[in-house]
Chemist: 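I'd like to ask you about the structure that follows.
Here the structure is a predicted model, which means the values were calculated and not measured.
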Amino acid sequence: DRAEEIAAVVTATDAERLSLAATDDGPASASGSVVWSASLGGAVVTLDGLPALGDDRAYALWFIVDGTPQPAALLAADGDRVV
């Protein structure tokens, strides 16, 4: 269950959190956070204030691992929030 997976990462004893904010070239209202657990090998990304995309488009999430970009997921916004 997705809710259980999210809760497990967020409440893991080794969970670390990073707050995100819009850059100069992004939407001013965009913000978010990343919570990850190395022991579970998982992360939860929450993004707010993203501009709506057309039905044929999605946001792409990438992680940088040892300096190399790695594709993580394609995300569709539900309103202006993505989890």
Chemist: For residues 64-75, tabulate all N or O donor-acceptor pairs below 3.5 Å that involve a side-chain atom, not counting sequence neighbours.
Modeler:
none

Chemist: Ignoring hydrogens, what is the shortest heavy-atom contact between Val9 and Trp36? Give both atom names and the distance.
Modeler: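 The answer is CG1-CA, 4.2 Å.
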Chemist: Once rounded to the nearest 0.5 Å, what's the spacing between atom CG of Leu47 and atom OG of Ser33?
Modeler: 8.0 Å
Chemist: If you look only at distance, which donor and acceptor atoms sit under 3.5 Å apart when one is on a side chain in residues 14-21 and the other is two or more places apart or in another chain?
Modeler:
{"residue": "Asp14", "atom": "OD1", "partner": "Ser37", "partner atom": "OG", "Å": "2.7"}
{"residue": "Asp14", "atom": "OD1", "partner": "Ser39", "partner atom": "OG", "Å": "3.2"}
{"residue": "Asp14", "atom": "OD2", "partner": "Ala38", "partner atom": "N", "Å": "3.2"}
{"residue": "Asp14", "atom": "OD2", "partner": "Ser39", "partner atom": "N", "Å": "2.8"}
{"residue": "Asp14", "atom": "OD2", "partner": "Ser39", "partner atom": "OG", "Å": "3.3"}

Chemist: Considering all heavy atoms of both residues, which atom of Ala12 and which atom of Leu40 are nearest to each other, and what is their separation?
Modeler: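 Minimum heavy-atom contact is CB-CD1, 4.0 Å.
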